[in-house]
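To find a chain, count down the sequence lines: A is the first, B the second, and so on, and within it residues start at 1.
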Protein chains: 2
Amino acid sequence: MSQSAPQSPPLKEIPPKSADLSAWYTAVTLKAELISYSPVRGCVVLRPYGFGMWENLQKHLDQRFKATGHENAYFPLLIPESLLVKEAEHVEGFAPEVAWVTHGGAERLAERLAIRPTSEAMIGTMYAQWIESYRDLPVLINQWVNVVRWEKATRPFLRTMEFLWQEGHTAHASAREAREETLRMLDVYREFAENVAAVPVYAGAKSASERFPGAVETFSIEALMPDGKALQSATSHDLGQNFAKAYDITFADADGQIKHAYTTSWGMSWRMLGAVIMTHGDDRGLRIPPKLAPVEAVFVPIVKGERRDTVAKAHELADGLRAAGLRVRVDDRDQSPGWKFTEWEMRGVPLRVEIGPKDVEAGAAVVVRRDMRKGEDGSRTVVAFDRLEGAIRELLEAVQASLYRQARAFLESHTLRARDRETFVGYCTSRAGMIDIPWCGRDECEARVKGQTGATTRNTRALEEPPGTHCVACGEPAKVSAYFAQSY
Amino acid sequence: MSQSAPQSPPLKEIPPKSADLSAWYTAVTLKAELISYSPVRGCVVLRPYGFGMWENLQKHLDQRFKATGHENAYFPLLIPESLLVKEAEHVEGFAPEVAWVTHGGAERLAERLAIRPTSEAMIGTMYAQWIESYRDLPVLINQWVNVVRWEKATRPFLRTMEFLWQEGHTAHASAREAREETLRMLDVYREFAENVAAVPVYAGAKSASERFPGAVETFSIEALMPDGKALQSATSHDLGQNFAKAYDITFADADGQIKHAYTTSWGMSWRMLGAVIMTHGDDRGLRIPPKLAPVEAVFVPIVKGERRDTVAKAHELADGLRAAGLRVRVDDRDQSPGWKFTEWEMRGVPLRVEIGPKDVEAGAAVVVRRDMRKGEDGSRTVVAFDRLEGAIRELLEAVQASLYRQARAFLESHTLRARDRETFVGYCTSRAGMIDIPWCGRDECEARVKGQTGATTRNTRALEEPPGTHCVACGEPAKVSAYFAQSY
């Protein structure tokens, strides 16, 4: 709907990303209308534009869960305290972060109810009821839900009291199957991060100190942000029989014996969107990978004087693309084209389609890529109206690939092998990126590095050095190869 | 995965629906694995099969929301008490049902936080921040979320402490637009109920006593259950300026004046699934309308002796249908065909595809419709393998239409015009169905009927009688036509 505008609203200016990532991040999440702060400390509103990114994330990830045999379900929000405390490490890890319901209406509850910080306790209790025989295994369930963890600090997407996530919970007849599931889902996350979010990651095992409370082994994918800090973007836990024993998940095996099941859990939250924002954005604002973009292409018709045929043409073309399944929008507000260009660049729409009066006559539009610098070769393409759909699909693929390529190049150029302690400490202190060392794997060594430099292990993998190699941090025998970094 | 079975598990028997709707309902929701009771009083788990119905409901309804210009978002779960109390009628209506969070970790909160019973308070607060000018209107947002209302009684889907729903919240520049939106969404619900859930409904206005707390006018769709009780299946509220005034949602209009906006809200919950279950089920169990069915067709290969080629053929055909977008499953467990037939009939799968050794040789399968009686003409169709997809699509459409037709016939035959008080009271007391009378619209009259018979107004519409008609319940002048019924 167009109206005559008395004056342009002020441009939503953001500080340059290159000068101050943190200030840029906060400004862009608000001004691009991804989120708003809410009246509840620590909670944000995910606005339609931000939710559009989340919906696309859900769609792509959910397809992958279903393709690997999982089904969705919904488990209750509230967990009785007596259930939460059954797994000792688990409650110790989460109790400080729990929001407690103590009253229903005017009634004081006999037992407090925790708002789920995660659902192992509730789901384990139900699996104990559902599983009787080895024939009932594996159970492969996921849920897309809100969780609450009482956090003091708030950073949109990265750390909020309430957040949206998915949590997968599975039960298996053997340790081997549970470990296979844990690694399968880790790989689903890695592949999703790289191919959908265009965020390259390192996948590996967390150190003992960074394990999920109650897990036998935790695996993660770790991305590297432009400030040299790592961002843990998803985790996958092999819970062994710990939760099965705490919640009494048993089954009659084929040999007639009653055995405890082996369980796993794995989750990705809206934190992934924080990784996307920081990884791809530039001084002009967001650059959203096409597969996650709520709007893949925005039409900006150029109105000159009384001639509004460009607006009609933009709507006609956009309608056609929408019918073909593309996510497009027409900006026909009464603002200057320059104002709109700046706005949609800030909001990170992958492609802009400009249509001026001469373009209508020539039967062609100009498509501009958000991922490239202004004036860069190939950043502007003239496309005939009748081949717009094909050209836009190709350009979207090109933008998706180029964002990944740029992010991959950054990760690789900021992954640093340190082979002596001085270099290692220097890298850690200067927040140089992902620092790759042979590591002893000992808690004490990790704690000392953290105390001295602030860096922690991000994840580890099989030792990629000859036997006899020593830990770069402490000189003891190396057991694994590890990435250290400062982190969010 | 097939295993040799020492013995068949017992059949999951349910009492006949015709004898006792309530016992049948509880049994079928549990035994069909739609839900499980959870360890939290009043909360149920929506199991994968039940969640599959919810996912299909979401898909179809969300498409309709988007086609009418709405976007999804996510607002915080927790609402500070000071916000909730701003609209006086609203807090009065909901306060007795609120679950209160009083502690975060070990910290006692300065202000209690309500778990949302509905989100007008939170969303109104945000709209007040977002809306500045008439150019920002309308705001058309929906969210798919969990809500909590402290209820003592629990009936799966119909009444639970926590439930899943969607809540749309919109803001407009004029009363006319807000009313149009309210009625537009009411019609979306009606059309969805009829065309997707196959549940015919009456749409109309609620009486004053049944209005949403704080609304100017509430509209509903009402379905009729087999026991003659009505089930309110969705509501749409015209909130006028009540919430805009309470939460200070103002805008600068085109004339330069600062005005309060007009808002609406509308919701459908998983209660709709309760309507689907009760409406369509029969003595053998569920009959799920194809558009909501998690499994549209189940293959039951008949294994005779060592011949397992029927299993391979079933998987081959099912894979093809799945690739074509149909939701199919193969039951290759080592149970007898009869056992499987009973199980999948109870779980309400619309079509069963039987493949025996002779069928493999003949290149054809037998497709059996769940909506028809055993032995009824047309209930079994022999279909050549190479035209299975088309035949299944046609049969699914036929099942969808037939379930709606049956439900429509029931509603029509149980909609009773009463034109004298004695007949009216008799219908009300005997729970005869939807009782249609010219009504005065007065609270006192409604309260008296309720006190005497238990029946309430379900909804009303413009008077369909000549002027001068009197209220059948009390004899005062009639103002509207109304449906009375006992209700869930």
Side-chain angles (χ1 to χ4, degrees), chain A residues 1 3 5 9 33 36 38-40 43-52 54-55 71-80 82-83 95-107 112-113 115 122-123 125-126 129-130 133-135 141 143 145-146 148 150 161-162 164 254 294 333, chain B residues 1 3 5 9 33 36 38-40 43-52 54-55 71-80 82-83 95-107 112-113 115 122-123 125-126 129-130 133-135 141 143 145-146 148 150 161-162 164 254 294 333:
Chain A
M1 201 171 27
Q3 306 280 353
E33 298 184 5
S36 279
S38 87
V40 189
C43 293
V44 299
V45 175
L46 193 58
R47 299 183 71 170
Y49 197 63
F51 199 86
W54 181 245
E55 269 182 333
E71 295 179 296
N72 288 325
Y74 185 77
F75 294 85
L77 173 73
L78 301 174
I79 304 175
S82 56
L83 283 191
E97 299 184 359
V98 167
W100 293 103
V101 175
T102 58
H103 289 75
E107 168 201 0
R112 305 198 289 180
L113 300 172
I115 300 184
M122 176 60 73
I123 295 178
T125 303
M126 300 313 301
Q129 289 181 28
W130 296 344
S133 142
Y134 70 95
R135 293 166 197 281
I141 293 181
Q143 65 173 356
V145 296
N146 54 340
V148 170
W150 210 260
M161 192 173 92
E162 183 188 10
L164 299 181
R333 292 175 295 177
Chain B
M1 202 170 25
Q3 307 280 354
E33 298 185 5
S36 278
S38 86
V40 189
C43 293
V44 299
V45 175
L46 193 58
R47 298 184 70 169
Y49 196 63
F51 199 87
W54 181 245
E55 268 182 334
E71 295 178 297
N72 289 325
Y74 185 77
F75 294 84
L77 172 74
L78 301 174
I79 304 176
S82 56
L83 283 190
E97 299 184 358
V98 167
W100 293 105
V101 174
T102 58
H103 289 75
E107 171 199 358
R112 305 197 291 180
L113 301 172
I115 299 186
M122 175 60 73
I123 295 179
T125 303
M126 299 313 301
Q129 290 180 28
W130 296 344
S133 143
Y134 69 95
R135 293 167 197 280
I141 292 181
Q143 65 173 356
V145 297
N146 54 341
V148 170
W150 210 260
M161 192 174 93
E162 182 187 11
L164 297 182
R333 294 175 293 177

- Heavy-atom pairs under 4.5 Å with chain A are the metric here; pick the option from Trp100(B), Trp54(B), Tyr49(B), Trp130(B) that has the most. Trp130(B)
- Of the backbone (N, CA, C, O) and the side chain (C-beta and beyond), which part of Val44(A) lies under 4.5 Å from a heavy atom of chain B, both, or neither? backbone
- Structural part of Ile141(A) lying under 4.5 Å from a heavy atom of chain B: side chain
- Item | Interface moiety of Ala95(B) toward chain A, non-hydrogen atoms closer than 4.5 Å | backbone
- Option that, when pairs with chain A are counted at under 4.5 Å, heavy atom only, ranks first among Leu83(B), Val40(B), Asn146(B): Asn146(B)
- Turns out that what part of Gln129(A) lies under 4.5 Å from chain B's heavy atoms comes down to side chain
- Query: Is chain B contacted by the side chain of Glu55(A), its backbone, both, or neither, given a heavy-atom distance below 4.5 Å?
  - Reply: side chain
- Query: Can you name the nearest heavy-atom pair linking Asn72(B) to Phe51(A), along with the distance?
  - Reply: O-CB, 3.4 Å
- What residue, out of Ser133(B), Pro294(B), Pro48(B), has the most heavy-atom pairs lying under 4.5 Å from chain A? Pro48(B)
- Top of Thr125(B), Leu78(B), Leu77(B) for chain A proximity - count of heavy-atom pairs under 4.5 angstrom: Leu77(B)
- Query: For Ile123(A), is it the side chain, the backbone, both or neither that has a heavy atom under 4.5 Å from a heavy atom of chain B?
  - Reply: neither
- Task: Determine the minimum heavy-atom distance between Ser36(B) and Met126(A), stating which atoms define it.
- Result: CB-CE, 3.6 Å
- Looking at Phe75(B) and Met122(B), what are the two nearest heavy atoms and their distance? CB-CG, 4.1 Å
- When only pairs under 4.5 Å are counted, which of Thr102(B), Ile79(B), Val148(B) shares the most heavy-atom pairs with chain A? Thr102(B)
- Scored by heavy-atom pairs under 4.5 Å with chain A, the best of Gly52(B), Pro76(B), Cys43(B) is Pro76(B)
- Item | Residue Pro96(A) versus chain B: region with a heavy atom under 4.5 Å | backbone
- So which heavy atom on Ala73(B) is nearest to which on Leu46(A), and how close? CB-O, 3.2 Å
- Most contact-rich option vs chain B, by heavy-atom pairs under 4.5 angstrom, among Met161(A), His103(A), Glu33(A), is His103(A)
- Message: What part of Glu107(B) gets within 4.5 angstrom of chain A, counting heavy atoms only: side chain, backbone, both, or neither?
- Response: side chain
- Item | Over all atoms of both residues, closest heavy-atom pair of Trp150(B) and Leu113(A) | CH2-CD1, 3.9 Å
